[in-house]
Amino acid sequence: MSPLCLGLAVLTVAFAAGCITLRSKNKAFEGMLCKFMASFGFISIAVVGFLFNPADTYYFCVVCFALLFGFCGDIMLGIKEIAPTFRGKLVPLGLLYFLVGHVFYLCAFISRTGFKLIPLIVGVVFGIGGLVAVKGFKMETGKKLGILMAVYYAVLAYKASSAFVLALESGQAAFWVAFVGAVMFIISDTCIAFLYFTPVKRKNLYVTVELSTYYTAQILLAMSVVLLK
């Protein structure tokens, strides 16, 4: 790994930690700025990593698209914190941007391993489970957003299981890192679901867990480009 990539990773972690700290102190605007800088850091890690290690151009490009859509999702959800009036529009938009990003991650993994039936089945099962959870926890999503969340969860699980299969088949550290990142995304977005759509107590704890796992996920997924062989 190049020193520049390592430096960018450290800087990204610093901005992520700043965002978590500021959000816990209810400083929404300052936290949003740190969040945007951390998102820019994810993309920078992947770009610089590819420049030093151009192992797979297609994989790099698709992961970059995923990170860019994640950045757009961050913008939507970040604006929500300082303009709660538009929450009803910004949350679904943010969800859609992240969903497209996860589809790109999934395409990156499938490009390396080919289509596998078991990861798809895992995704379908998780999607059905997500729909049941929305109803079981009485989440205030509405019908359309509830279905979108179920599809979102299905893609998350499909992505994670595809990364797991790829890691097993290739034995590469890059894909084990990507698998851990995909699992962290599931944890992060589960916290978001409870934060946004249920009257949770100890909100700051959920926010801290959500942001910590989210930043870990994006950094690890970007690092898969750096470690690729």
Do Phe109 and Ile121 sit in the same hydrophobic cluster, where Ile, Leu, Val, Met, Phe, Trp and Tyr count as joined when their side-chain heavy atoms come under 4.5 Å apart?
no
Find out whether Leu145 and Leu95 are in side-chain contact, i.e. whether some heavy atom of one side chain is under 4.5 Å from a heavy atom of the other.
yes
Which heavy atom of Ala46 sits nearest to which heavy atom of Val225, and what is that distance?
O-CG1, 3.6 Å
I need the minimum non-hydrogen distance between Leu67 and Ala222, along with the two atoms involved.
CD1-CB, 4.2 Å
Greater than 12 external heavy atoms within 6.0 Å of Leu51's CG
yes
Nearest 0.5 Å, please: how far is OG in Ser224 from CZ in Phe179?
14.0 Å
In Å and rounded to the nearest 0.5 Å, what is the CD1 to CG distance from Ile187 to Leu156?
11.5 Å
Is Phe194 close to Glu210 at the side-chain level, that is, under 4.5 Å between some pair of heavy atoms?
no
What orientation do Trp176 and Phe164 show, parallel under 30°, tilted 30 to 60°, or perpendicular over 60°?
perpendicular
Contact check, side chains of Val63 and Phe42, non-hydrogen atoms, under 4.5 Å
no
Tell me, with the steps shown, if Phe52 and Leu4 meet side chain to side chain contact (heavy atoms under 4.5 Å, CB included).
CA-CA 10 Å; Phe52 283 92; Leu4 183 54; 4.2 Å; yes
Correct closest heavy-atom pair for Pro119 and Val165 would be CG-CG2, 3.8 Å
Electrostatic pair Lys116-Glu169, nearest N-O below 4.0 angstrom:
yes
Separation between NE2 of His102 and CD1 of Ile186, rounded to the nearest 0.5 Å:
9.0 Å
For Leu8, run the side-chain contact (heavy atoms from CB on, under 4.5 Å) check against Val47, Ile45, Val13 and tell me which one passes.
Ile45
Taking the six-membered ring for Trp, is the centroid-to-centroid distance between Phe69 and Phe98 below 6.0 Å?
no
Short question: side chain of Asp189, backbone of Tyr153 - any donor-acceptor pair under 3.5 Å?
no
Between Cys19 and Phe15, is there a side-chain heavy-atom distance shorter than 4.5 Å?
no
Should Val91 and Phe197 be marked as a side chain to side chain contact (heavy atoms under 4.5 Å, CB included) after you check the CA-CA gap, both sets of side-chain angles, and the distance that decides it?
CA-CA 11 Å; Val91 169; Phe197 305 114; 3.9 Å; yes
Glu30 side chain vs Leu22 backbone, donor-acceptor pair below 3.5 Å
no
About how many Å separate CG of Leu77 and SG of Cys72, when rounded to the nearest 0.5 Å?
11.5 Å
Heavy-atom distance under 4.5 Å between the side chains of Cys191 and Thr213, does that happen here?
no
Rounded distance (nearest 0.5 Å) linking atom CG of Leu195 with atom CG of Leu205
9.5 Å
Where do Ile79 and Phe86 land on the side chain to side chain contact (heavy atoms under 4.5 Å, CB included) test, with the steps shown first?
CA-CA 9 Å; Ile79 294 174; Phe86 300 101; 6.0 Å; no
Please examine the side chains of Tyr215 and Ile20, heavy atoms only from C-beta on, and report whether any two atoms are closer than 4.5 Å.
yes
Are more than 12 heavy atoms from other residues, nucleotides or ligands located less than 6.0 Å from atom CZ of Phe29?
no
Step by step, would you call Leu99 with Leu148 a side chain to side chain contact (heavy atoms under 4.5 Å, CB included)?
CA-CA 9 Å; Leu99 175 58; Leu148 178 60; 3.9 Å; yes
Do Phe185 and Gln218 touch side chain to side chain, with heavy atoms closer than 4.5 Å?
yes
On a heavy-atom basis, which atom in Gly127 and which in Ala154 lie closest, and how many Å separate them?
CA-CB, 3.7 Å
Okay, side chain of Asp74, backbone of Phe36: is any donor-acceptor separation there less than 3.5 Å?
no
Using only atom types and a distance under 3.5 Å, with no angle test, would you say the side chain of Ser212 pairs donor to acceptor with the backbone of Val209?
no
Consider only side-chain heavy atoms of I, L, V, M, F, W and Y, link residues closer than 4.5 Å, and tell whether Phe115 and Leu106 are in one cluster.
yes
Looking only at non-hydrogen atoms, find the nearest pair between Gly123 and Ala157 and report the distance.
CA-CB, 4.0 Å
Are any of the side-chain heavy atoms of Ile110 and Tyr105 separated by less than 4.5 Å?
no
Name of the residue among Phe175, Phe50, Phe104, Phe65 meeting ring-ring contact (aromatic ring centres under 6.0 Å, His included) with Tyr59:
Phe175
Out of curiosity, does Leu166 fall in the hydrophobic cluster containing Ile118 (side-chain heavy atoms, cut-off under 4.5 Å, transitive links)?
yes
Between the side chain of Ser188 and the main-chain N/O of Met184, is any donor-acceptor distance below 3.5 Å?
no
If hydrophobic clusters are built from ILVMFWY residues whose side chains come within less than 4.5 Å, do Ile192 and Leu93 share one?
yes
Throw together a table of side-chain donor-acceptor distances under 3.5 angstrom for residues 131-144, partners on residues two or more places apart or in other chains.
none

Here the pair of heavy atoms bringing Ile43 nearest to Phe71 is CD1-CB, 4.2 Å
Quick one: do Ile128 and Met149 end up in the same hydrophobic cluster if we chain Ile, Leu, Val, Met, Phe, Trp and Tyr together by side-chain heavy atoms under 4.5 Å apart?
no
Asp56/Arg112 salt bridge by N-O under 4.0 Å criterion:
yes
One should read off an interatomic distance between Thr208 OG1 and Arg23 CZ, to the nearest 0.5 angstrom, of 9.0 Å
